[in-house]
Amino acid sequence: LLVVASPWLLGVQILFSLVFLARAGGQSGQSIDVLFRGTLPNSTALGEAVVLLLPWSVLASERAESRVASIARLVVAIASVALLAASASRVALAAAVLWAIWEVLGRTGVAERTRRLVVVVLVAVGVLGGAVLVTQDIRSGSTSQIGLRAEFAKLGARAAAASPLLGYGPDGFVAGGTSVSTRQVASLANPVIFQRGATDPHNLLVLVVVSTGLAGLALLVWALVETVIGWRIRSRAGVDVWPGVWAVGTALAVFLTAPATLAVLPLFAFVLGTSLAARPAERPDGARRVVGWTLVAVAGLASLLLAANAATRLPLERAGADVSPALASRAFTSADTWELDPYLWYLDSLHVGWAMQNDLSLARAQADLNAIERAAALDRRDPFIALELARTRRVRNRPADEVDAAFKDAIARWPLFPLAHYEYADFLASQGRTQEALRHLDELAGLNLNEPAFDQAIQELRQKILEQQ
């Protein structure tokens with residue numbers, strides 16, 4: 001299936017990228033991620049998908065193919081590498097070029113041992129060059145070349161040290177990263193400003209360690225070792241394992257510098273499973289078969305539940321006066337169905353809050369407050385939920401000490417929470433507690449937030465407080 005489908009899937013990505021480029025019409029201000037994303041969210045996800053499909057794209061199918069079909073497969077593969085060169089997925093491009101070198105050397109009759117040596121040397125040179133670049137950036141305090149990945153890794157390491165064994169659970173990078181993101185840490189370099197939904201540190205190992213701790217890392221390493229052993233066994237038996245090795249290996253390399261997105265992970269799982277598929281040398285005994293099928297059934301059920309939960313969440317991701325009133329009832333039903341999912345209660349609060357603007361009966365029932373309090377009770381780490389609780393209590397005219405406690409909780413979860421400090425300062429000023437309000441604004445002084453409008457709002461609030469004094 002991969003051999004047959006890969007050229008067509010790559011062709012679709014190329015076609016859609018050209019369509020997006022043509023529609024842009026050379027307009028200025030267009031992000032390269034937008035221009036070259038194919039059918040996927042951005043060029044990073046596109047790069048991950050391309051490196052998974054490339055090694056299968058030039059293989060002949062079991063039935064004899066014409067020379068034209070073989071040439072067409074090769075042209076699509078070369079065009080796919082060119083597509084990555086035009087996009088911003090640098091690591092995926094390097095991985096694709098390495099594969100192309102391997103493929104070209106093989107077509108010219110170079111021995112496999114020589115091909116391996118060439119690839120190893122090129123990988124070593126690339127890793128060394130990348131290490132030098134990263135080291136220079138870290139020493140200079142700059143993040144111009146590598147973005148915030150170095151800061152992500154630092155926060156991930158600090159969070160892992162605070163909870164090393166089991167990590168922080170789902171969305172662990174937000175829970176763990178925010179808990180150690182203090183002003184002292186941010187003063188050393190550009191601060192990492194977390195956003196709702198930005199749960200990936202752009203490194204698969206950091207994500208695993210922060211979310212699942214050393215226990216999860218051990219399981220991941222075990223799985224990788226078993227995978228390599230499986231490839232070696234099949235290779236010795238005469239099976240061509242190199243397409244799977246290249247696809248999985250290069251995808252993992254990209255995952256070390258980019259998010260492992262839900263748009264690509266199912267394809268990665270399929271390619272990994274296919275690369276290992278082979279008739280076993282001997283049939284396992286009855287007990288092993290029962291255990292194996294039980295594990296498959298449990299994993300399958302968990303995957304179905306995750307897919308159903310994601311399908312419930314996705315339509316509710318966008319909230320506002322234009323969409324929420326129509327979604328309020330659906331949001332409540334979804335949260336009530338998945339009653340242990342704090343994020344759905346959070347979304348329910350947002351949608352119901354907007355719907356209340358035009359429905360006084362909902363406002364009297366304070367359904368938005370009930371929903372966000374349920375979310376905060378279920379998730380005691382997410383700072384965004386705590387801030388929404390503080391906002392909702394303030395809007396619903398709850399006692400000042402309840403609003404105060406919610407703001408303090410949000411800041412305790414994320415000591416350097418720019419929006420929480422700003423909104424808490426505004427609340428304190430409304431209570432006449434001007435000195436406390438100024439102290440919270442001082443927490444934001446000197447930080448590179450890269451938000452001119454927010455910086456201006458901070459200065460205006462400071463001036464308002466000073467005039468109040």
Side-chain angles (χ1 to χ4, degrees), residues 178 196 316 318-336 339 341-415 417-444 453-454 457-458 460-469:
T178 54
R196 156 61 64 186
L316 303 175
R318 182 165 165 252
D322 55 335
V323 296
S324 289
L327 292 176
S329 177
R330 181 175 182 177
F332 174 78
T333 302
S334 299
D336 198 41
E339 58 181 17
D341 185 346
Y343 185 53
L344 277 174
W345 286 110
Y346 167 81
L347 292 175
D348 178 38
S349 175
L350 296 183
H351 289 296
V352 171
W354 282 107
M356 282 182 174
Q357 307 299 321
N358 300 316
D359 192 331
L360 295 180
S361 64
L362 284 175
R364 285 192 293 269
Q366 296 194 349
D368 59 338
L369 180 59
N370 295 335
I372 196 62
E373 286 183 340
R374 180 66 182 275
L378 289 169
D379 189 335
R380 300 186 180 277
R381 286 175 166 169
D382 191 319
F384 300 99
I385 289 178
L387 177 60
E388 192 61 30
L389 175 60
R391 291 169 169 171
T392 308
R393 283 180 175 175
R394 185 179 182 186
V395 169
R396 297 298 161 213
N397 296 316
R398 300 299 298 168
D401 59 336
E402 292 186 15
V403 180
D404 195 86
F407 273 117
K408 288 181 177 178
D409 185 28
I411 293 173
R413 299 182 187 198
W414 182 3
F417 194 166
L419 203 53
H421 280 292
Y422 172 81
E423 294 190 18
Y424 191 26
D426 183 59
F427 170 73
L428 291 171
S430 70
Q431 300 292 307
R433 299 155 63 182
T434 54
Q435 289 297 329
E436 293 179 68
L438 289 175
R439 280 201 298 271
H440 281 279
L441 290 184
D442 289 341
E443 285 293 316
L444 306 178
F454 187 50
I458 293 171
E460 291 175 354
L461 179 57
R462 182 184 295 276
Q463 184 62 34
K464 174 184 173 182
I465 294 172
L466 292 174
E467 292 174 358
Q468 183 177 341
Q469 283 185 317

Quick one: list whatever passes salt bridge (charged side-chain N to carboxylate O under 4.0 Å, His left out) with Arg433, sequence neighbours left out. Asp404, Glu436

Does the side chain of [Y] come within less than 4.5 Å of [X]'s, by heavy atoms?
X      : Y      : result
Leu419 : Phe454 : yes
Arg330 : His351 : no
Leu466 : Leu438 : yes
Ser349 : Thr392 : yes
Asp426 : Lys464 : yes
Leu441 : Ile465 : yes
Val403 : Gln431 : no

How long is the span from the [atom1] atom in [X] to the [atom2] atom in [Y], to the nearest 0.5 Å?
X      : Y      : atom1 : atom2 : value
Trp345 : Ile372 : CH2   : CD1   : 11.0 Å
Asn370 : Phe332 : CG    : CZ    : 9.5 Å
Glu443 : Tyr424 : CD    : OH    : 12.5 Å
Glu423 : Leu387 : CD    : CG    : 5.0 Å
Arg439 : Thr434 : CZ    : OG1   : 9.5 Å
Asp379 : Tyr343 : CG    : OH    : 12.0 Å

For [X] and [Y], which heavy atoms make the closest approach, and how far apart are they?
X      : Y      : answer
Ala319 : Ser324 : CA-OG, 3.5 Å
His421 : Pro415 : NE2-O, 2.8 Å
Leu347 : Leu316 : CD2-O, 3.7 Å
Arg393 : Ala406 : NH1-CB, 3.9 Å
Pro383 : Trp414 : CB-CB, 3.8 Å
Ala420 : Ile411 : CB-CG1, 3.9 Å

Apply the test side chain to side chain contact (heavy atoms under 4.5 Å, CB included) to residues Glu402 and Arg396: give CA-CA distance (whole Å), side-chain angles for both, the deciding distance (0.1 Å), then the verdict. CA-CA 11 Å; Glu402 292 186 15; Arg396 297 298 161 213; over 6 Å; no

Partners of Asp442 by side-chain hydrogen bond (donor to acceptor under 3.5 Å, both in side chains), sequence neighbours excluded? Arg462

Those residues at least two apart in sequence (or on a different chain) that pass side-chain hydrogen bond (donor to acceptor under 3.5 Å, both in side chains) with Asp341 are Asn309, Arg313

Using a strict 4.0 Å threshold on nitrogen-to-oxygen distance, state whether Glu388 and Arg391 make a salt bridge. yes

Does atom CZ (Phe427) have a neighbourhood of more than 12 heavy atoms from anything else shown, all under 6.0 Å? yes

Go through the steps for Asp348 and Arg374 under the test side chain to side chain contact (heavy atoms under 4.5 Å, CB included), then give the verdict. CA-CA 10 Å; Asp348 178 38; Arg374 180 66 182 275; over 6 Å; no

Which of parallel (below 30°), tilted (30 to 60°) and perpendicular (above 60°) describes Phe417 and Phe384? perpendicular

